[in-house]
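Reading through the structure tokens given below for one structure.
Scope of the values below: all heavy atoms of this structure, side chains included, with no hydrogens, waters or symmetry mates. In the text below, chain A, chain B and the rest are named by the order of the sequence lines, each starting its count at 1.
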Amino acid sequence: MDDQTRMLAGMGGLGGLSQADVGDPDSVRKQQSLGQPQQDIGDILQQIMAITDESLDEAQARKHALNCHRMKPALFSVLCEIKEKTVLSIRGVQEEDPPDPQIMRLDNMLLAEGVSGPEKGGGSAAAAAAAAAAGGSPNDSSIEHSDYRAKLAQIRQIYHSELEKYEQACSEFTNHVMNLLREQSRTRPISPKEIERMVAIIHRKFSSIQMQLKQSTCEAVMILRSRFLDARRKRRNFNKQATEVLNEYFYSHLSNPYPSEEAKEELAKKCGITVSQVSNWFGNKRIRYKKNIGKFQEEANLYAVKTAVDAANVSAQASQANSPATPNSGGYPAPCYTPDGRL
DNA sequence: TATTATGATTTCTG
DNA sequence: CAGAAATCATAATA
């Protein structure tokens, strides 16, 4: 306090205070407690300092009184002078802060997961689910998928409501501080730039809260994701009709059981499974068939008969020529599918 | 409950 | 990158 008084007094000559008001610096020191001007400044400062301890009404009244004080303009200009000197050192201390890389990372991930960003409802997933349902075989994958989507939507909702709360709190606080600063700018010089800087500082402080929110949201998504993947890993057998279709194709193309991409697509559609599931199935089937042809003999015959019968339905003559009770009973793998036999 | 069947994943190869 | 082969993990079955 005393120091401040001295400092202000020391700067007196620079500001709008006249000699009469302040006296020259030397005389200040000489008659520290006696001079009327010093008394005034001391009073003002004391009042300023005491303001925070007072009730709002009291403070309001005091504020008004201060604003009307005859010394007020002088004090203001002194403060301007001081500021002029100090602002240089403040400036440049913290210029534009780069966006936090951590936050950026989290943002990107949230965006990628569809938590932030635009709602993508009715998108491909829903269409896929609808298609699966329409396909006759309510594949569980679609159910799990919708489950996943529901959970994701839940996370999304929580995230957004929390973010909103956060933003509200942040802007409320910012507003409060800005009002305070604007209010104060009547008694002390505060440039818009400074207010801006203060806002930036507040936002920086708040961003750690935001980061926490984003981080925990990311974690939740990760957990959900891994659970979903685990669930997907849980094997569910294809339905009977699907395996029938696949086996039919396999055994009727034993010599070259490699369906083309188009064929795979068609099989997938027929079976209500995905193309990659068809690929998996053929991969598994080929290797398992090859490993133990004997074990599949019966099945092979079954499907050979089946296709033969189908053929018979189309052409009775063909059935005569083609389907003896056991089509290939002798040299079994009829059109010689061998591991290396592929084209 | 042990075993087998089977869909999915991983690793390797040409 | 498609496919072979090995492997995993679970469903189905004995």
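Distance CD1 (A:Ile273) to P (B:dA8): 8 Å, rounded to an integer number of Å. In this structure, A:Phe282 places its CZ atom 14 Å from P of B:dA8, rounding to the nearest Å. In this structure, A:Asn256 places its CG atom 10 Å from P of C:dG3, rounding to the nearest Å. As a whole-Å value, the separation of A:Ile287 CD1 from B:dT13 P is 14 Å.
A:Ser116 has its side chain out of reach of A:Asp107: every pair of non-hydrogen atoms, C-beta onward, lies at least 4.5 Å apart. The shortest side-chain heavy-atom distance between A:Leu213 and A:Leu163 falls under the 4.5 Å cut-off.
Here the nucleotide nearest the side chain of A:Asn284, chosen from B:dT9, C:dA4, C:dG3, is B:dT9.
Distances shorter than 4.0 Å separate none of the side-chain N or O atoms of A:Lys290 from OP1 or OP2 on C:dG3. For A:Gln277, a side-chain nitrogen or oxygen approaches OP1 or OP2 of B:dA8 to under 4.0 Å. Dashed line: the shortest gap from a side-chain N or O of A:Arg236 to OP1 or OP2 of C:dT10 is not under 4.0 Å.
For the side-chain contact (heavy atoms from CB on, under 4.5 Å) criterion with A:Ile273, the lone passing option out of A:Val245, A:Leu246, A:Leu267 is A:Leu246.
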Between the protein and nucleotides 3-6 of chain B, list every N/O to N/O distance that falls short of 3.5 Å.
| residue | atom | partner | partner atom | Å |
| --- | --- | --- | --- | --- |
| B:dT6 | O2 | A:Arg235 | NE | 2.6 |
| B:dT6 | O2 | A:Arg235 | NH2 | 3.3 |

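Every pair passing salt bridge (charged side-chain N to carboxylate O under 4.0 Å, His left out) that includes a residue from residues 165-174 of chain A is listed here, sequence neighbours excluded: A:Glu162-A:Lys165.
Residue A:Ile103 shares its hydrophobic cluster (ILVMFWY side chains chained together at separations under 4.5 Å) with A:Leu106, A:Met211.
Ring-plane geometry between A:Phe282 and A:Phe250 is classed as tilted, the angle between the planes lying from 30 to 60 degrees on a 0 to 90 degree scale.
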